[in-house]
Asker: 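For reference, the structure I am asking about is given below.
What you see below is based on every heavy atom in this structure, not just the backbone, and it leaves out hydrogens, waters and symmetry mates. The chain is numbered in sequence order, starting from 1.
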Amino acid sequence: MSLLKRYLVAVTAVVTVAVTAAGAVVLPASAAEPAALPTALPTAAVALGDSFISGEGGGDYSAVTDVNGVSQGFPGWSAANDNAYFCHRSPNASLFRATLPGIQDRFNLACSGGQPHDITSPSANRDKGRMVAAQLDQLRGVARTHDIDLVLVGLGSNNSSFTFGDAASVCANRFIADAWTGWWEFWAGDPPQEPCTIGDLATDAEVAAATTETTNALRALLTTVDQVDADGQHRVVFQDYTNPLPQDYAQRYHEEDGRADDRDKFRALGAERYAAGCPAHRASLAAGHLFSQALGRIVQSAHSTLSAEFPAADLVYLNVQGAFNGARLCERDGSPGNALATPIRLMDGPSGTFVTDLAGKDKIAIQRIAGTCVDYFQTCQESWHPNAGGYGVLGQCLSGAATTGSRQVSCVRQGDGSVSVG
């Protein structure tokens, strides 16, 4: 029921009249003048979910209110990674780049690293969570002051079985170890050096478990939005994921100094790919795309299941797996400057200065630099996420999903750089 209808029902129930013996109608004093209509709540679009929604990699991150109600600005590079600030909510996120007719205000409640658990429970309650309230509690806060008309949610890449960050580090670390370490050498416990496979990233059983977790969390989201939305009219967009790496690298990144990555020890090539933002074996690229497709199936399955359970709901599945076509890292010469994703970037200690070139560094230096990411995850967590330009494209994707008449749409970047949604 709309706010206006609710008001009229209330007026009808409260206003009474008196009739004199002569038949004259006497209005109560309170009804002598017309009552003012209540002010309609401003409309809002709200984003929930994980890093691809929060704006990780987009920069210019905003302060985030923690579970104790304290606003957390940048706490320093050596701070604990559970600080709410490291949710990395960016004003460059797709929610703020989209054209959304009729929307007056926008609220980014997503958190980098967000899991299905974090939708219904405080992220701080789980291992490696951040000090923020449950995203549904944050949503209820918005609903007290706004009429929620659009919800953008991205969920599934992180769960109790696997996370995007772990998958990325598996492929990158194996490549770096292979590039700098001979098979006869021992470094950091002789780490694996072969290309990653889809089984290394997510098994079928893990994807099935993640699908159940994600669907349950999104079911709770839909139930809550139905309960708190002022007029009961809202669209929920389920966005999936795009891969930061291409199906294959541009020719210039295939080998360096006469060495490809299918032989032992190729430091020049390792340094070149790191500088370009894509330190991974060519043979790992196929596994990475299988992983991205699996994430898409998680979201699509949740959308299908919940569309059947909530037949009156306005639910749209937004497939963005083709949104970065032609502009992924190392897909063309000139990477990372011409890519829509952030490069892998590390620091040598929590200094705030990124190492952009590994040329000339020995394996001990590489081990130390890689260790910084482990000890201070915030120093590398932007890696392989959309950059500000990438979120601009995802904003175009959201613009199409917000107005489409279809229940499922794909957002695809064309060869000329234009973006189509349909």
Asker: With a 4.5 Å limit on heavy-atom distance, are the side chains of Asn325 and Glu331 in contact?
Answerer: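 Heavy-atom side-chain distance check fails, nothing below 4.5 Å.
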Asker: Shortest non-hydrogen contact from Val299 to Tyr241?
Answerer: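 It is CG2-CE1, 4.2 Å.
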Asker: Is NZ or CZ of Arg345 both nearer than 6.0 Å to the six-membered ring centre of Tyr274 and within 45° of the ring axis?
Answerer: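 Pair Arg345/Tyr274 counts as cation-pi.
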Asker: Phe291 vs Phe164, test: ring pair (Phe, Tyr, Trp, His ring centres under 6.0 Å). Steps then yes/no.
Answerer: CA-CA 9 Å; Phe291 180 67; Phe164 172 80; 7.0 Å; no
Asker: For Arg130, is there an ion pair with Asp118 - N to carboxylate O distance below 4.0 angstrom?
Answerer: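 No.
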Asker: For Asp357, is the CG atom crowded, meaning more than 12 foreign heavy atoms sit under 6.0 Å from it?
Answerer: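 For Asp357, atom CG is crowded (more than 12 foreign heavy atoms under 6.0 Å).
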Asker: Do the side chain of Ser94 and the main chain of Gly395 share a donor and acceptor less than 3.5 angstrom apart?
Answerer: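 Checked: no pair found.
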Asker: Determine, step by step, whether Glu382 and His88 satisfy the side chain to side chain donor-acceptor pair (under 3.5 Å) criterion, reporting the C-alpha distance in whole Å, the side-chain angles of both residues, the deciding distance to 0.1 Å, and the verdict.
Answerer: CA-CA 9 Å; Glu382 291 181 308; His88 275 178; 4.9 Å; no
Asker: Are the charged groups of Asp348 and Arg368 less than 4.0 angstrom apart, N to O?
Answerer: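 So Asp348 pairs with Arg368 through a salt bridge.
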Asker: So among His254, Arg282, His281, Arg273, which one has a side-chain hydrogen bond (donor to acceptor under 3.5 Å, both in side chains) with Asp261?
Answerer: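 Only one of His254, Arg282, His281, Arg273 forms a side-chain hydrogen bond (donor to acceptor under 3.5 Å, both in side chains) with Asp261, namely Arg273.
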Asker: Are a donor atom and an acceptor atom from the side chains of Ser169 and Asp166 found within less than 3.5 Å of each other?
Answerer: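 Checked: Ser169/Asp166 side chains show no N/O donor-acceptor pair below 3.5 Å.
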Asker: If you take all heavy atoms of Cys373 and Thr379, which pair is closest and at what distance?
Answerer: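 Scanning both residues, the minimum pair turns out to be CA-OG1, 3.9 Å.
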Asker: Students often mix this up, so state it plainly: with edges at 30° and 60°, are the rings of His303 and Phe238 parallel, tilted or perpendicular?
Answerer: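 Perpendicular, since the angle between the ring planes exceeds 60°.
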Asker: Answer yes or no: is there a side-chain heavy-atom contact under 4.5 Å between Ser78 and Tyr376?
Answerer: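 Yes - at least one pair of side-chain heavy atoms lies under 4.5 Å apart.
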Asker: Can you see which heavy atom on Pro42 is nearest to which on Asp105, and at what distance?
Answerer: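 Smallest interatomic distance, heavy atoms only, reads CB-OD2, 3.8 Å.
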Asker: Working to the nearest 0.5 angstrom, can you tell me the gap between Leu394 CG and Asn92 CG?
Answerer: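 So the CG of Leu394 and the CG of Asn92 are separated by 12.0 Å.
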Asker: Using side-chain contact (heavy atoms from CB on, under 4.5 Å) as the criterion, point out the one residue from Leu139, Ile103, Thr43 that pairs with Ile148.
Answerer: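 Exactly one pass, corresponding to Leu139.
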Asker: Considering all heavy atoms of both residues, which atom of Ala388 and which atom of Arg97 are nearest to each other, and what is their separation?
Answerer: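 That would be O-NH1, 2.8 Å.
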Asker: Strictly under 6.0 Å, is that where the ring centroids of Phe96 and Tyr391 end up?
Answerer: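 Here the rings of Tyr391 and Phe96 have centres that are no less than 6.0 Å from each other.
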